[in-house]
Amino acid sequence: SERDVCTKFITPALVAAGWDLQTQIREEVSFTKGRIIVRGKLHSRGKGKRADYVLYSRPNQPIALIEAKDQTYGLGSGMQQGLDYAETLDIPFVFSSNGYGFLFHDRTGNAAKQESELTLAEFPSPSELWERYCAWRGLAGQAIATAETPYYDDGSGRFPRYYQVTAVNRTVEAVARGQQRILLVMATGTGKTYTAFQIIWRLWKAKIKKRILFLADRNILIDQTRTNDFKPFGQAMTKIEKRQANKAYEIYLSLYQAVTGNDEEKNIYKQFSPDFFDLIVIDECHRGSAAEDSAWREILEYFKSATQIGMTATPKETKEVSSIHYFGEPVFKYSLREGIDDGFLAPYKVIRIDIDKDLQGWRPAKGQADKHGNLIEDRIYNQKDFDRTLVLEKRTELVAAKITEFLKATDPFAKTIVFCEDIDH
């Protein structure tokens with residue numbers, strides 16, 4: 001059987017090649033949860049994805065994957081599935097085995113032969129595969145030492161999800177290679193802050209980034225980050241507030257609004273020298289960093305010698321604003337669709353409510369004035385205008401009433417976000 005093949009042939013071959021059974025070999029690794037399937041009020045889960053073996057050079061650094069088949073199958077029967085899983089997990093070396101030997105596929109493009117057959121005794125050692133991995137990623141010297149810096153582990157057995165591992169490893173390796181502008185695109189709800197923490201932790205522990213600034217756009221995000229994901233930084237961390245710049249810390253958390261202002265004296269970041277920070281991580285970097293004249297693009301320009309990592313769920317690409325123009329192409333993307341397919345995010349259901357003015361548009365009567373007595377331009381106004389160029393107060397009240405009705409009918413205390421155009425809205 002397949003289990004026999006694993007126990008009697010594959011695992012002994014790995015141990016003989018120098019792989020540590022406790023720390024480097026994981027069997028039956030489930031890496032997705034299975035899509036949530038909703039039918040009416042009932043829900044179930046689809047099948048998750050599971051690899052037979054994942055081999056790690058060190059914790060959270062997957063380097064090889066093995067798909068096993070029982071002995072009625074050929075040597076390479078598991079290869080196609082292995083290659084699919086390896087692409088998802090960002091793993092370069094794939095093996096298929098039926099217990100008689102291995103079919104080895106090298107995805108790096110650096111090998112003389114992409115596929116080769118190996119006997120059980122010829123399985124490569126951890127150091128051999130790590131050397132090939134570093135060559136593939138363009139890592140040498142100090143960059144290798146940085147890439148080998150471990151993740152933070154609190155001993156609770158909490159593992160980062162597979163896509164977080166890929167995001168962290170790719171970002172750390174990009175920084176180690178000397179890349180100065182990095183963009184990470186991850187859907188809302190997929191753990192960007194935890195990912196940011198692991199990136200900062202590893203670069204800080206590797207001592208290649210000693211002073212770090214984490215910028216976010218809402219106070220609650222900064223406070224939650226400080227007490228939850230970033231807690232292990234302890235005494236080395238501070239929050240910039242009350243326009244005070246204490247230079248005795250290593251990890252700084254701040255609101256963009258707290259470090260910029262219209263008046264010169266409000267610009268607290270000028271209290272730091274331009275080369276004070278080695279690394280700046282910008283959460284939700286689509287919120288204006290991308291616009292050339294935005295308030296906190298100034299901060300990025302001022303600290304331009306620092307490595308800058310932008311994180312967003314929605315990179316902005318318009319005529320006026322471009323995240324990619326500033327940060328470059330993303331080193332990693334994990335979309336809403338992937339999150340739903342993997343079962344880490346629930347699928348959503350759109351509830352449409354059609355309002356007559358949205359469907360038909362609205363046109364003022366001849367000579368009609370607004371409530372301030374100004375003449376309203378005579379044309380047909382539609383959804384694009386509402387709450388921007390024209391406010392229909394009754395329409396806003398109707399929208400609020402419909403949201404309230406929906407909440408009362410489902411769960412009045414459910415977490416709810418309402419997007420508004422401005423303070424009045």
Side-chain angles (χ1 to χ4, degrees), residues 60 142-155 160 164 167-182 184 191-260 267-285 289 296 298-311 327:
N60 296 312
Q142 173 60 44
I144 294 178
T146 302
E148 289 175 343
T149 307
Y151 279 63
Y152 173 76
D153 181 4
D154 60 3
Q164 293 173 330
V168 172
N169 290 345
R170 282 200 193 173
T171 306
V172 169
E173 287 166 13
V175 174
R177 285 194 301 269
Q179 195 173 318
Q180 282 291 84
R181 302 286 177 270
I182 295 162
L184 268 181
K192 282 198 291 296
T193 314
Y194 176 70
T195 305
F197 163 71
Q198 289 289 8
I199 290 166
I200 294 169
W201 177 268
R202 289 180 63 198
L203 294 171
W204 184 58
K205 283 292 180 189
K207 296 194 163 47
I208 63 162
K209 301 294 173 195
K210 295 189 175 94
R211 291 203 189 110
I212 296 151
L213 175 63
F214 178 82
L215 286 170
D217 68 339
R218 298 203 303 283
N219 225 338
I220 186 161
L221 284 181
I222 290 286
D223 294 336
Q224 277 179 354
T225 300
R226 191 177 176 183
T227 51
N228 297 344
D229 288 322
F230 279 41
K231 196 178 176 183
F233 288 123
Q235 300 299 309
M237 172 174 59
T238 185
K239 177 183 172 186
I240 298 177
E241 49 193 345
K242 303 193 181 71
R243 311 236 168 251
Q244 289 302 309
N246 184 339
K247 301 184 185 68
Y249 294 89
E250 292 174 62
I251 314 287
Y252 293 79
L253 307 181
S254 177
L255 287 170
Y256 325 144
Q257 299 89 320
V259 288
T260 58
N267 284 341
I268 186 175
Y269 63 87
K270 298 273 171 74
Q271 295 179 35
F272 297 100
S273 63
D275 59 358
F276 184 83
F277 292 110
D278 307 312
L279 174 68
I280 300 178
V281 179
I282 307 104
D283 191 29
E284 304 297 358
C285 68
S289 68
W296 56 281
E298 274 180 51
I299 308 176
L300 301 190
E301 291 296 340
Y302 182 75
F303 295 118
K304 61 177 179 282
S305 65
T307 302
Q308 296 171 3
I309 301 171
M311 305 185 83
F327 288 105

Side-chain heavy atoms of [X] within contact of [Y], under 4.5 Å:
{"X": "Ile299", "Y": "Phe277", "answer": "no"}
{"X": "Pro160", "Y": "Val168", "answer": "no"}
{"X": "Phe233", "Y": "Glu250", "answer": "no"}
{"X": "Phe214", "Y": "Ile251", "answer": "no"}

May I ask you to check whether Tyr194 and Gln198 show a side-chain donor-acceptor distance below 3.5 Å?
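Side chains of Tyr194 and Gln198: pair found under 3.5 Å.
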For a quick test of reading the model, state the closest non-hydrogen atom pair linking [X] to [Y] and the distance between them.
{"X": "Lys270", "Y": "Tyr302", "value": "O-OH, 3.6 Å"}
{"X": "Lys209", "Y": "Val175", "value": "CE-CG1, 3.6 Å"}
{"X": "Glu173", "Y": "Ala147", "value": "CG-CB, 4.3 Å"}
{"X": "Ser254", "Y": "Ile222", "value": "O-CD1, 3.3 Å"}
{"X": "Ile200", "Y": "Ile212", "value": "CG2-CD1, 3.7 Å"}
{"X": "Ser305", "Y": "Pro274", "value": "OG-O, 3.7 Å"}

Going by side chain to side chain contact (heavy atoms under 4.5 Å, CB included), name the residues that satisfy it together with Thr238, two or more places apart in sequence or in a different chain.
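Applying side chain to side chain contact (heavy atoms under 4.5 Å, CB included) to Thr238 gives Tyr249, Tyr252.
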Can you run down the salt bridge (charged side-chain N to carboxylate O under 4.0 Å, His left out) pairs that involve residues 220-239, sequence neighbours left out, and say none if there aren't any?
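Output for this query lists Asp223-Lys239, Lys239-Glu241.
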From [atom1] ([X]) to [atom2] ([Y]), nearest 0.5 Å:
{"X": "Thr149", "Y": "Leu203", "atom1": "OG1", "atom2": "CG", "answer": "8.0 Å"}
{"X": "Lys205", "Y": "Tyr152", "atom1": "NZ", "atom2": "OH", "answer": "10.0 Å"}
{"X": "Asp278", "Y": "Lys210", "atom1": "CG", "atom2": "NZ", "answer": "7.0 Å"}
{"X": "Ile199", "Y": "Asn169", "atom1": "CD1", "atom2": "CG", "answer": "9.5 Å"}

Looking at Lys304, I'd like to know if its NZ atom is crowded, meaning that more than 12 non-hydrogen atoms belonging to other residues, nucleotides or ligands lie closer than 6.0 Å.
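Check fails, neighbour count at 12 or below.
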Has the side chain of Lys192 got a donor or acceptor atom that lies under 3.5 Å from a matching backbone atom of Glu284?
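Not confirmed, Lys192 side chain does not pair with Glu284 backbone.
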Check whether the ring centres of Trp201 and Phe230 lie less than 6.0 Å apart, and answer yes or no.
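Judged by ring-centre distance (under 6.0 Å), Trp201 and Phe230 do not meet the cut-off.
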